[in-house]
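Note sheet for the following structure.
So that the names make sense, note that chain A is the first sequence line, chain B the second, and so on, each numbered from 1.
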There are 2 protein chains.
Amino acid sequence: MNEFGLIDRLRAAMPAPGPGLALGIGDDAAVFDLPTGQQLVACTDTLNTGIHFPDDTDPAAIGHKSLAVNLSDLAAMGADPAWALLNLSLPDTCPDWLDAFAAGFAALAGPSGITLAGGDTTRGALSVTVTALGFVPAGQALTRDGARPGDRVVVSGTLGDAALALSRLGSDAPPAAAQRDRLDRPTPRLELGRRLRGLATACIDISDGLAADLGHILAASAVGAHLDATRLPASTALASLPFAQRLSLQATGGDDYELCFTLPAAHAAELDALAADAGVALTDIGEITPGDALEWSGPGGQPVRLDTAAGYDHFGGGGT
Amino acid sequence: MNEFGLIDRLRAAMPAPGPGLALGIGDDAAVFDLPTGQQLVACTDTLNTGIHFPDDTDPAAIGHKSLAVNLSDLAAMGADPAWALLNLSLPDTCPDWLDAFAAGFAALAGPSGITLAGGDTTRGALSVTVTALGFVPAGQALTRDGARPGDRVVVSGTLGDAALALSRLGSDAPPAAAQRDRLDRPTPRLELGRRLRGLATACIDISDGLAADLGHILAASAVGAHLDATRLPASTALASLPFAQRLSLQATGGDDYELCFTLPAAHAAELDALAADAGVALTDIGEITPGDALEWSGPGGQPVRLDTAAGYDHFGGGGT
């Protein structure tokens with residue numbers, strides 16, 4: 001199977017293109033019609049075998065995750081997904097691998113409203129780069145620099161399951177399917193991102209760990225935060241762990257792909273309705289403070305010191 | 001040096017952003033203002049070490065070429081470059097390597113009018129993916145499907161030097177600097193692409209070899225072509241080779257990154273003026289024919305049969 005066979009196989013697996021695709025796969029470049037009153041939002045992330053996923057990962061999960069991490073970046077900007085480009089480096093051309101990869105990619109692309117419009121396939125160590133393009137109403141992108149003292153700090157879903165799964169891979173106690181799915185098949189919070197336009201003062205997706213990613217908001221906004229570690233939303237598996245272990249996984253483990261955002265306190269009462277509309281749990285975990293420190297309290301309100309606030313640096317987690 | 005150090009170093013080396021960049025490097029995604037009356041053009045290409053360039057290639061040349069091959073795709077669409085995203089997988093973080101790479105990238109980005117707006121850095125085998133975004137006046141993109149019988153077939157620059165350099169790497173007769181530069185530092189024909197809007201009936205850039213790339217135009221347009229092999233534009237080095245060797249390099253060697261386009265015969269007289277305006281030689285090498293065959297004639301008008309019309313398939317040459 002040569003390059004063109006590969007491309008045909010990928011294309012055949014994809015859902016029908018969305019509106020606005022003037023020229024798709026099969027020319028020197030793709031051409032798109034542009035909506036009015038919108039800005040273009042673009043992000044890209046590379047996943048390399050052995051770095052971002054174990055060598056034995058299900059190719060359907062690689063297909064899903066390579067798109068999901070980019071959709072998560074669009075979600076964190078409040079953008080609507082539109083177009084994707086896929087760069088696939090493969091050591092060999094195994095049709096079964098490719099079909100499974102394409103199925104995983106397509107199963108997320110369809111409901112997310114994103115169309116594969118082009119890309120590149122080449123020989124090399126297994127590596128997947130997806131570039132996602134989306135649109136946001138002009139001036140409404142969710143950035144990192146708008147958090148203000150008094151804002152509430154909110155996270156979606158639960159934290160730490162992906163890190164728990166990663167810590168157990170290859171161990172005597174391999175991760176349960178639910179944790180492994182959180183690692184391999186993260187859910188981009190697209191609907192939440194859309195609904196945060198005009199509401200959140202800052203937003204980021206949690207790819208490198210809550211402490212590190214919230215840290216980016218704090219640095220960009222020139223503020224600090226006080227978080228209540230006991231309120232970090234946890235799955236049953238996480239909640240059963242000793243507090244220190246649980247906190248380490250939840251605060252510094254990467255790959256959650258939940259959203260962390262700041263919300264003016266005046267809107268705090270709307271959280272439940274927002275969660276219902278967005279279809280994901282939302283948890284108020286603390287408050288933005290003056291200064292520049294990220295402080296934690298634990299059981300009984302006692303101060304807690306994290307082992308590290310560095311998060312996971314596989315130089316690089318979240319690409320722009 | 002961690003991911004953020006890498007990104008800061010790349011950013012510092014780049015020219016100032018062009019207009020319309022609402023949010024650049026440093027958030028979850030880049031945000032762009034959109035022009036009216038234009039379509040978005042997007043392409044992406046991956047270059048892997050040992051596949052697309054020799055392991056010992058000057059990092060400045062890798063920086064140049066990774067951008068150039070994408071700008072060449074924009075040129076082939078008649079698009080104006082605007083934004084680039086860069087995914088860089090590196091086995092280690094050597095500041096000298098990175099600085100040289102960034103300098104090579106920046107030296108082409110500046111005069112080409114393209115701004116590095118985001119990307120991703122990660123650990124892995126050396127691999128460079130660039131995604132280029134540009135704009136074209138709505139409806140004026142140069143596609144592959146408009147060639148008609150009677151159109152002239154035209155190529156820019158000279159052909160075969162990159163393939164000659166590649167064939168001589170590691171040999172007892174290493175390539176001369178001029179050939180090596182054609183391999184390592186191709187020149188995207190952006191001004192020519194712009195001037196072909198509304199004039200060329202089809203256009204492609206020659207990344208996989210003239211026969212293969214013109215073949216894409218013929219297939220998309222459902223036409224054939226008759227080319228005069230003696231008219232293929234050649235550098236002095238190529239012109240001195242035996243005819244069969246020269247033809248093989250010129251017709252099936254990849255990496256030229258010249259444009260091949262078709263032009264209604266009524267415009268053939270404008271070629272000299274077009275070449276002067278675009279700043280690159282243009283050579284009429286044959287004619288589009290009915291049918292679907294690519295036929296060649298050689299010295300004295302005798303039919304010539306190419307050893308292969310397949311071109312170079314490193315599954316993948318030209319990404320979309």
Side-chain angles (χ1 to χ4, degrees), chain A residues 1-3 6 22-23 25-34 36 38-46 48 51-52 73-74 76-77 79 83 85 87 89 93 117-125 127 129 131 133-134 136 138 141 143-144 203-205 220 313-320, chain B residues 1-3 6 22-23 25-34 36 38-46 48 51-52 73-74 76-77 79 83 85 87 89 93 117-125 127 129 131 133-134 136 138 141 143-144 203-205 220 313-320:
Chain A
M1 188 162 53
N2 67 9
E3 178 182 18
L6 272 174
L23 189 65
I25 297 169
D27 210 301
D28 293 288
V31 180
F32 310 105
D33 297 330
L34 293 173
T36 55
Q38 308 269 313
Q39 287 173 306
L40 178 70
V41 181
C43 60
T44 184
D45 263 315
T46 296
N48 288 336
I51 306 285
H52 299 90
D73 280 323
L74 291 186
M77 303 301 292
W83 316 109
L85 305 174
N87 301 64
S89 287
T93 56
D120 191 18
T121 57
T122 191
R123 199 176 298 273
S127 175
T129 293
T131 300
L133 304 174
V136 67
T143 61
R144 299 177 177 179
C203 186
I204 193 169
D205 74 323
D313 179 20
H314 34 72
F315 82 88
T320 295
Chain B
M1 187 165 50
N2 67 9
E3 178 181 17
L6 272 174
L23 189 65
I25 296 170
D27 209 302
D28 294 288
V31 181
F32 310 104
D33 298 330
L34 293 173
T36 55
Q38 307 269 314
Q39 287 173 308
L40 178 70
V41 181
C43 61
T44 185
D45 264 314
T46 296
N48 289 335
I51 306 285
H52 299 89
D73 280 323
L74 291 186
M77 302 302 292
W83 317 109
L85 305 174
N87 300 66
S89 288
T93 55
D120 191 17
T121 57
T122 191
R123 199 176 297 273
S127 175
T129 293
T131 300
L133 304 174
V136 68
T143 61
R144 298 178 178 180
C203 185
I204 194 168
D205 74 321
D313 179 20
H314 34 70
F315 76 90
T320 296

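In summary, the side chains of B/Thr44 and B/Thr131 do present a donor paired with an acceptor at a separation below 3.5 Å, with no hydrogens or angles considered.
Partners of A/Thr129 by side chain to side chain donor-acceptor pair (under 3.5 Å), not counting sequence neighbours, listed by chain and number: A/Thr46. Take B/Ala22 and apply the side-chain contact (heavy atoms from CB on, under 4.5 Å) test, not counting sequence neighbours, and it matches A/Gln39, B/Val31, B/Asp33.
Contact annotation for A/Leu23: only side-chain heavy atoms (C-beta onward) come within less than 4.5 Å of a heavy atom of chain B. Residue A/Ala141 touches chain B through its side chain alone, counting heavy-atom pairs closer than 4.5 Å. Both the backbone and the side chain of A/Thr143 come within contact range of chain B, with heavy atoms under 4.5 Å apart.
Note that CG of B/Leu40 and CZ of B/Phe32 are 9.5 Å apart. Values are rounded to the nearest 0.5 Å.
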